[in-house]
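Reckoned from all heavy atoms, side chains included, excluding hydrogens, waters and symmetry mates. All chains are named by letter (A, B, ...) in the order of the sequence lines, taking the proteins before the strands, and each is independently numbered beginning at 1.
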Amino acid sequence: MLEGVLVDLVPYSARFTALEHEWLNGEGLFFWAMGGRWLATEAQVKSMQQERAEERAESDLRVFFGVQTKDGTPIGLFGIRSVHPHHRLGMLTAFIAEPEYWGGGYGTDALLLLVDYAFDWLDLRRVWLLTMALNARVMRQMEKVGFALEGRPRQATWADGQWVDGLTYGLLRDEWPGRAALVEKLGLRARA
Amino acid sequence: MLEGLLVDLVPYGEQFLAEAPRWWNNESDFWGGAGRRRFVPRERVAALYREWRESPRAQSGVQFGILTKDGKPIGDLGLNGVSYHNRAGLLGANIGEPEYWDGGYGTDALLLVVDYAFDTLDLRRLWLVTMSLNARVVRQMAKVGFTLEGRRREAAHADGAWYDELVYGLLRDEWPGREVMLQKLSLKPA
């Protein structure tokens with residue numbers, strides 16, 4: 001378990017997968033899937049879970065964590081995928097599925113844990129992620145946490161009836177002051 | 001078959017797979033694979049290719065082989081990771097025979113696949129990734145009218161140094177069509 005201030009990262013177990021059907025049909029999906037609104041049936045979710053397990057068995061190196069609050073409520077999924085041991089980089093994926101936990105520092109707390117884990121445990125030297133230009137919450141977060149905007153794939157996604165640019169952000173290990181420094185800087189505090 | 005001036009694009013099949021053990025182990029793989037230097041045994045190549053071919057990324061798209069006008073296989077070109085919702089596709093190409101570099105063969109193939117993606121598949125965005133060390137592709141992108149959209153800092157480790165990866169994109173609105181590009185680049189039959 002990776003212990004944060006507001007959340008802990010734990011193995012992504014059945015407790016989390018049981019919520020996926022609900023999560024993948026909720027408002028969080030729109031932001032996670034760059035404008036996707038999937039209307040996924042339970043059978044589709046099961047088959048996606050199956051595919052994911054098979055992919056993992058094949059070649060794509062990845063680590064998935066469940067995000068839970070300090071009282072153990074599962075609220076999302078954070079992970080590193082497409083880990084490339086030669087180029088020592090990985091792509092972050094971050095999904096706080098429960099909207100009542102948006103804007104409260106929960107996602108940022110999880111992100112700090114994940115970045116520390118990527119650099120200090122996996123020995124990566126670069127992490128990056130992709131979001132869309134509609135996602136103002138992530139854009140603010142990237143700036144706060146110190147990711148650099150590295151790319152803007154133009155009109156990369158179709159979201160709610162319009163073409164929206166993608167945004168890619170990257171962070172190198174040299175630029176990372178460590179989780180403790182950022183918890184301080186951002187003033188993250190445990191909820192009473 | 002998509003007929004160009006210097007090359008034709010045909011479905012990727014056995015005649016290309018027969019050359020692949022050489023192409024996967026020579027200098028071309030360094031450029032096509034972000035600084036990679038693989039040592040792939042001949043007998044592993046076909047199996048690895050089939051694995052890749054069955055991946056969702058390959059299956060969503062179209063895999064071409066590149067033939068010269070006299071029928072010699074010189075490389076491959078794939079339109080991968082096609083999203084029909086976002087109407088976008090990712091290009092990947094490799095000219096496996098170094099004596100066909102810098103002669104317009106790759107560019108001729110690129111013009112064919114761009115036209116095919118926009119006019120036949122009705123995509124509206126194409127993109128590709130290369131490393132900053134690849135001056136040949138950087139020049140080609142400028143010539144063909146792709147826009148540099150991103151720079152993934154230090155994303156490629158090649159021959160002992162870290163290089164940025166460059167991301168290029170092209171939208172259908174920006175594409176004057178293959179005929180115009182042939183004219184502009186004055187590509188001529190061999």
Side-chain angles (χ1 to χ4, degrees), chain A residues 33-39 47-48 50-52 54-60 81-91 123-133 147-175, chain B residues 30 33-38 47-48 50-59 81-91 122-132 146-174:
Chain A
M34 304 222 346
R37 297 202 188 276
W38 290 353
L39 305 178
S47 104
M48 278 168 45
Q50 185 60 34
E51 273 171 36
R52 215 167 50 201
E54 283 164 12
E55 268 179 59
R56 198 161 3 186
E58 276 173 28
S59 58
D60 187 29
R81 60 195 184 88
S82 304
V83 169
H84 203 299
H86 173 80
H87 300 301
R88 290 171 59 198
L89 52 84
M91 184 185 187
D123 201 15
L124 301 184
R125 59 188 296 290
R126 169 181 166 76
V127 292
W128 69 287
L129 60 82
L130 169 67
T131 188
M132 62 170 171
F147 280 65
L149 179 63
E150 294 186 329
R152 176 179 278 267
R154 296 166 303 155
Q155 303 183 25
T157 197
W158 175 251
D160 272 359
Q162 53 177 320
W163 291 104
V164 176
D165 291 350
L167 300 173
T168 62
Y169 290 90
L171 177 68
L172 300 176
R173 185 158 70 180
D174 288 351
E175 300 161 350
Chain B
F30 177 82
R36 189 166 57 185
R37 298 202 185 275
R38 284 191 290 191
L48 284 172
R50 279 189 199 101
E51 249 172 57
W52 147 249
R53 194 58 185 260
E54 280 161 19
S55 70
R57 181 177 260 213
Q59 285 206 331
V82 172
S83 161
Y84 288 100
H85 175 80
N86 294 325
R87 292 170 58 198
L90 171 64
L91 295 172
D122 201 17
L123 301 185
R124 59 189 295 291
R125 170 178 168 77
L126 292 171
W127 63 291
L128 60 83
V129 183
T130 191
M131 55 175 173
S132 57
F146 279 66
T147 300
L148 180 62
E149 293 185 330
R151 176 178 284 269
R152 301 173 177 169
R153 295 169 304 150
E154 301 184 27
H157 187 256
D159 276 354
W162 293 97
Y163 295 96
D164 296 346
E165 278 189 341
L166 306 177
V167 181
Y168 289 93
L170 177 68
L171 300 178
R172 184 159 71 182
D173 289 351
E174 300 161 348

Toward chain A, the part of [X] with a non-hydrogen atom under 4.5 Å:
{"X": "B:R152", "result": "both"}
{"X": "B:L170", "result": "backbone"}
{"X": "B:A158", "result": "neither"}
{"X": "B:E165", "result": "neither"}
{"X": "B:R124", "result": "side chain"}

(message) A side-chain contact here means heavy atoms from C-beta on lying under 4.5 Å apart; do B:F146 and B:L91 qualify?
(response)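 Answer yes - side chains close enough.
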What is the minimum heavy-atom distance between [X] and [Y], and which atoms define it?
{"X": "B:R87", "Y": "B:D122", "value": "NE-O, 3.1 Å"}
{"X": "A:R154", "Y": "B:R125", "value": "O-NH1, 2.8 Å"}
{"X": "B:A58", "Y": "B:W52", "value": "CB-O, 3.2 Å"}

Between chain B and each of [options], count heavy-atom pairs under 4.5 Å; write down the option with the most.
{"options": "A:A156, A:G166, A:A159", "answer": "A:A156"}
{"options": "A:L149, A:L89, A:T157", "answer": "A:T157"}
{"options": "A:R126, A:Q155, A:R152", "answer": "A:R126"}

(message) Ring-plane angle category for A:W163 and A:W158, please: parallel below 30°, perpendicular beyond 60°, tilted otherwise.
(response)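 The arrangement is tilted - the two ring planes meet at 30° to 60°.
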(request) Give the ring-plane orientation class for A:H84 versus A:H87, where under 30° counts as parallel, over 60° as perpendicular and anything between as tilted. (result)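 Because their plane-to-plane angle lies in the 30° to 60° range, the rings of A:H84 and A:H87 count as tilted.
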(request) With a 4.5 angstrom heavy-atom cut-off, could you sort out which part of A:L167 is near chain B: side chain, backbone, both or neither? (result)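 For A:L167, neither part sits under 4.5 Å from chain B.
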(request) Examine whether an atom of A:T168 lies under 4.5 Å from a heavy atom of chain B, and if so say whether it belongs to the side chain, the backbone or both; otherwise answer neither. (result)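 Neither the backbone nor the side chain of A:T168 comes within 4.5 Å of chain B.
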(message) Taking every non-hydrogen pair under 4.5 Å, which of B:G35, B:A34, B:A88 racks up the most with chain A?
(response)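 Most heavy-atom pairs under 4.5 Å with chain A: B:A34.
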(message) Heavy-atom pairs under 4.5 Å with chain A - which of B:S83, B:G150, B:A155 has more of them than the others?
(response)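 Greatest number of close heavy-atom pairs with chain A: B:A155.
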(message) Using 0.5 Å steps for rounding, measure from the CZ atom of B:R37 to the CG atom of B:D159.
(response)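 Answer for the CZ-CG pair, B:R37 versus B:D159, is 4.0 Å.
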(request) Please name all residues satisfying salt bridge (Lys or Arg N to Asp or Glu O under 4.0 Å) with B:R53, sequence neighbours left out, ordered by chain then number. (result)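 Expected list: none.
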